[in-house]
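Okay, so here's the structure we're looking at.
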Number of protein chains: 2
Amino acid sequence: MSKRKVERLNLLKFMPFRLNRLAAEFSTALAVEYMARFGIDIPEWRVLATLGLYDTPRSAQYVVRCTRTHKSRISRAVGSLVALGYVARAEAIDDRREVMLELTPKGRAVYGELVPLLLKREEAILSCLSAEERAQLDHLMDKLEQSFDLVQCED
Amino acid sequence: MSKRKVERLNLLKFMPFRLNRLAAEFSTALAVEYMARFGIDIPEWRVLATLGLYDTPRSAQYVVRCTRTHKSRISRAVGSLVALGYVARAEAIDDRREVMLELTPKGRAVYGELVPLLLKREEAILSCLSAEERAQLDHLMDKLEQSFDLVQCED
DNA sequence: CCTTGACTGTTGCAGTCGCAACTGTATAAC
DNA sequence: GTTATACAGTTGCGACTGCAACAGTCAAGG
């Protein structure tokens with residue numbers, strides 16, 4: 001009796017594994033656009049993307065919340081971007097603990113050049129899905145993100 | 001003239017970013033099950049899962065292909081698992097370059113204990129989706145994986 | 001004012017990762 | 001048999017990451 005059959009798990013059907021693989025592949029496919037061309041990596045791209053979305057300076061803390069990336073990672077990414085001349089640091093006037101960040105003209109130029117390339121790449125990858133499937137994907141991501149409380153990024 | 005409006009990109013709607021975040025959150029939520037309890041990390045879990053699916057030994061190279069994880073990472077993960085007594089290494093008879101791997105009884109016990117826990121966790125996280133939505137998710141992942149050629153893992 | 005606690009951003013440190021070089025083995029060509 | 005090429009797995013090394021400790025700043029309470 002007993003000796004129940006062992007429950008098995010197919011890694012290829014296991015969602016966290018699949019998501020990790022897909023995310024890694026997706027990122028790698030896009031990274032070629034900014035890695036070599038502009039000398040920036042993923043965390044740096046995230047800072048660039050966050051700052052590029054607005055026309056007014058944002059604090060580092062804001063970037064941390066928006067990108068859900070660890071503050072040490074953001075801090076170092078900002079350091080690199082400043083060294084590259086893409087981002088300028090300035091003290092905040094109202095709260096001198098904060099570091100206000102904004103894109104330099106050079107940084108804006110890179111942003112303006114990079115965004116269409118990345119959107120085109122994303123589009124190319126998602127082109128294996130129909131319009132309806134893409135809407136589904138968007139919807140599913142929304143729901144999963146909400147269940148993880150990943151959505152807060154107030155303006 | 002000119003000075004076209006700069007195309008912008010909302011990171012929160014950008015699929016590679018969303019996938020990365022979701023994958024990280026998903027993995028973290030599951031990692032608590034095996035990290036503390038059995039002292040293994042993600043690459044080690046992948047090896048365990050691959051070997052646990054079958055009753056016969058597999059080569060390290062097989063695990064590499066199946067998990068799409070770099071061979072150095074697999075090599076080190078196997079080292080840890082051997083040290084923990086979960087996995088046994090043996091030379092292959094037909095090709096002495098290969099290292100054949102199989103779970104020890106202790107490793108099988110861990111696998112048998114771990115799998116239900118992980119499936120339960122996965123289930124809990126995906127429970128925010130309806131049955132239809134889950135089928136959609138599965139289908140979308142399949143299509144995206146195929147477009148990346150992530151599917152090959154022959155038996 | 002002064003103390004306490006909280007918050008922002010930086011940095012030292014230890015752990016992890018991927019690349020590339022290396023060892024040992026197999027296979028093919030001669 | 002010998003040589004050359006290809007492959008499996010390991011390991012040293014440099015790069016990156018997160019954690020925790022830290023310095024500087026702010027706000028509240030006595």
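So you know, we letter chains A, B, ... as the sequences are listed, proteins then strands, and number each from 1. The structure presented is a predicted model; accordingly, all values stated were derived computationally and were not measured.
When rounded to the nearest whole Å, the span between CD1 of B/Ile93 and P of C/dA26 equals 12 Å. Going from atom CZ of A/Arg89 over to atom C1' of C/dT8 covers 13 Å, rounded to whole Å. C/dC19 atom P lies 14 Å from atom CD1 of B/Ile74, rounded to whole Å. Atom P of nucleotide D/dT25 and atom CZ of A/Arg96 are separated by 5 Å, given to the nearest angstrom. In this structure, A/Asn20 atom CG and C/dC17 atom C1' are separated by 14 Å, rounded to whole Å. One can place NZ of B/Lys71 at 13 Å from P of D/dT11, the figure rounded to the nearest angstrom. Going from atom CD of A/Glu91 over to atom P of C/dT8 covers 16 Å, rounded to whole Å.
Nearest-nucleotide assignment on DNA chain C puts the 5′-proximal partner with A/Asp95, out of B/Asp94 and A/Asp95. Nearer to the 5' terminus of DNA chain D, by closest-nucleotide assignment, is the contact made by B/Glu98 (compared with the other of B/Glu98 and A/Pro43).
Contact between the side-chain N/O atoms of B/Gln61 and the OP1/OP2 oxygens of D/dG9 is found at a separation under 4.0 Å. Close to C/dC17, at under 4.0 Å from its OP1 or OP2, lies a side-chain N or O of B/Arg73. For B/His70 and C/dC19, the shortest distance from a side-chain N or O to OP1 or OP2 is below 4.0 Å. Residue A/Arg65 has no polar side-chain atom (N or O) positioned under 4.0 Å from OP1 or OP2 of C/dC7. Of the side-chain N and O atoms in B/Arg76, none sit less than 4.0 angstrom from OP1 or OP2 of D/dG12.
Screening A/Leu119, A/Leu118, A/Leu117 against A/Val115 for a side-chain contact (heavy atoms from CB on, under 4.5 Å) leaves a single residue, A/Leu119.
Remark: B/Arg76 does not engage B/Asp41 in a salt bridge, criterion side-chain N to carboxylate O under 4.0 Å. Between A/Arg18 and B/Asp138 there is a salt bridge, since a side-chain N of the basic residue sits under 4.0 Å from a carboxylate O of the acidic one.
Between the side chain of B/Arg97 and the base of D/dC7, at least one donor-acceptor pair of N or O atoms lies under 3.5 Å.
Counting only heavy atoms from C-beta outward, the side chains of B/Leu51 and B/Tyr111 never approach each other to under 4.5 Å.
Both cation-pi conditions hold for A/Arg58 and A/Tyr62: the charged atom is under 6.0 angstrom from the six-membered ring centre and inside a 45 degree cone around its axis.
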